[in-house]
Structures are given as C-alpha cells and as structure tokens.
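Everything on this sheet refers to the single structure shown next.
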Amino acid sequence: LLEFAVLVDEENNFSFEEVLEVPVSTQVDNVTEEHKRIDMTPADLIRLFSDVRSWQNGKKKALNKPLLVLFALGKLKSQGIRRLSFADCEGEYGELLRQYGNTGNQTPSPSHAFYRLKNDKNGAIWSISDPNKVLKENSSGDVRVSDLRDVSVELGFPSEVIETFNRNPELVCELAE
C-alpha cells in the first residue's frame, strides 16, 4: 500500500510526501508482445505530467486534476488498478478534493477532473473508455455526473503510460513527489 500526505501552503501550492510503502508487484498491467508499443521515455512521461493544467484565479489554484493524478497513481501502485470507475471512486476522491482541493468553491465536483483531464496533452495523460456512448458533452464541455457513473465508463491512464510504468515502476513514486 502506498500512502501520501498532501501538503498545501497558504498560496494553495501543493506537494506530496510519501508516508508508507509496502512493496507490491511492479507489473501493473499485462502487456503482451503483440501490442504495438509506442516507447515513451521516463523523461517524456515526467514532462507530460508536469504540465497538467489547473484553473487559477490570482493566487488561488484548483487542485482537482493534480489530486486526481495522485489518486490514480496511488490506486495503480497499491492495487494495480489501471482503469477507474467514477462510481467506485467518486466518494473517496471527492473526500480528498474536499479536504485538499477546495479553492473557495463550496462544493467542488469530482466529476470535472475525471472528465476534463482527458483534454490535457491531447489525451496523452488520461483516457476515457465509453463503449456504450453514454457520455454526451454539454455546451461547457462537461458531461452529466449520472452518465459518468455508468458502469461501462472507465477512465485512467492510457496504455502508453501504463507500459512506461511497467518498464520503469519507480516512476509512479517519482511522479507522485
């Protein structure tokens, strides 16, 4: 199990500190030789994740997306979970968001980051699987929370990112730092 403490300063800048690590398998996803690989280097991956966009207003910065990345990295490292169901994670991630990501919004929505992170770096960081085509964007680029809760919708790191983690398992912790 991998746990992190989230540190937030008075200007809403954040950092993460590893608290506890119990070794888990370094193989987080079954990747076979038949899969075509797009080799992403560790430096490429670090660069991708360092540029996650966050809403900012003056000194206030929304931490929704960085917290979601940390949450997903924790699930990947501790449980080998590569794809997340919003319905399964909404409560746990929502609590993290309420504790550490509040920027003055009385009710920060976990759904925004879950859906909008796919727009960062043209989907190289986060992908959505919607086989039943239940997700329909509204005029502001969001989807209904009830649609995100559909059991067929899965969100998470794209296969290229998972393959890079498989080849470089230490990157999961390095990115979380």
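Worth knowing before you read on, the calculation uses all heavy atoms, side chains too, and leaves out hydrogens, waters and symmetry mates.
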Contacts of R83 meeting salt bridge (Lys or Arg N to Asp or Glu O under 4.0 Å) (sequence neighbours excluded), chain-then-number -> none
On a heavy-atom basis, the closest approach of P158 and G123 is CG-O, 3.4 Å
By salt bridge (Lys or Arg N to Asp or Glu O under 4.0 Å), which residues pair with D130, not counting sequence neighbours? none
Does V161 reach the side chain of I125, with side-chain heavy atoms less than 4.5 Å apart? no
Who pairs with D150 by salt bridge (Lys or Arg N to Asp or Glu O under 4.0 Å), at least two apart in sequence or on another chain? none
Any heavy-atom pair between the side chains of K65 and D120 that's under 4.5 Å? yes
Passes side-chain contact (heavy atoms from CB on, under 4.5 Å), R82 versus S159? Steps please. CA-CA 9 Å; R82 181 181 155 258; S159 59; 3.9 Å; yes
To the nearest 0.5 Å, tell me how far I46 CD1 sits from E177 CD. 10.0 Å
For S152 and P131, the nearest pair of non-hydrogen atoms, with its separation, is O-CD, 3.3 Å
Does the side chain of D142 come within less than 4.5 Å of H112's, by heavy atoms? yes
Let me confirm one number: the CZ-OG distance from R149 to S146, rounded to the nearest 0.5 Å. 7.0 Å
Can you list the residues that meet the side-chain contact (heavy atoms from CB on, under 4.5 Å) rule with D147, with sequence neighbours excluded? L135, R144
What residues, two or more places apart in sequence or in another chain, satisfy side chain to side chain donor-acceptor pair (under 3.5 Å) together with Y93? none
Minimum side-chain heavy-atom gap V134-L148 below 4.5 Å: no
Those residues at least two apart in sequence (or on a different chain) that pass side chain to side chain donor-acceptor pair (under 3.5 Å) with T41 are D44
If you define the side chain from C-beta out and look only at heavy atoms, does anything of M40 sit under 4.5 Å from E163? no
Ring pair (Phe, Tyr, Trp, His ring centres under 6.0 Å) partners of F157, counting only residues at least two apart: F49, W126, F165
Report the distance from atom OG of S109 to atom CG of L97, rounding to the nearest 0.5 Å. 8.0 Å
What are the two closest heavy atoms between V172 and K77, and how far apart are they? CG1-CB, 3.7 Å
Please name all residues satisfying side chain to side chain donor-acceptor pair (under 3.5 Å) with E174, sequence neighbours left out, ordered by chain then number. none
Are any non-hydrogen side-chain atoms of V145 and F86 less than 4.5 angstrom apart? yes
One should read off an interatomic distance between L76 CG and L171 CG, to the nearest 0.5 angstrom, of 11.0 Å
For S85, check side-chain contact (heavy atoms from CB on, under 4.5 Å) against everything at least two apart and list the hits. A87, D88
Sub-3.5 Å donor-acceptor pair from the side chain of K121 to the main-chain atoms of K118, do we have one? no
Residues passing the salt bridge (Lys or Arg N to Asp or Glu O under 4.0 Å) test with E95, sequence neighbours excluded, are R98
Just to verify, what does N138 make a side chain to side chain donor-acceptor pair (under 3.5 Å) with, not counting sequence neighbours? S140
Could you tell me the separation between the CG atom of L68 and the CG atom of L63, rounded to the nearest 0.5 Å? 12.0 Å
Locate the shortest heavy-atom distance separating A72 from L84; write the atom from each residue and the value. CB-CD1, 4.1 Å
Is it true that, when you exclude K136 itself, more than 12 heavy atoms of the residues, nucleotides or ligands shown sit nearer than 6.0 Å to its NZ? yes
Distance from L155 atom CG to S129 atom OG, nearest 0.5 Å? 8.5 Å
Under 4.0 Å between a Lys/Arg side-chain N and an Asp/Glu carboxylate O for K75 and E92? yes
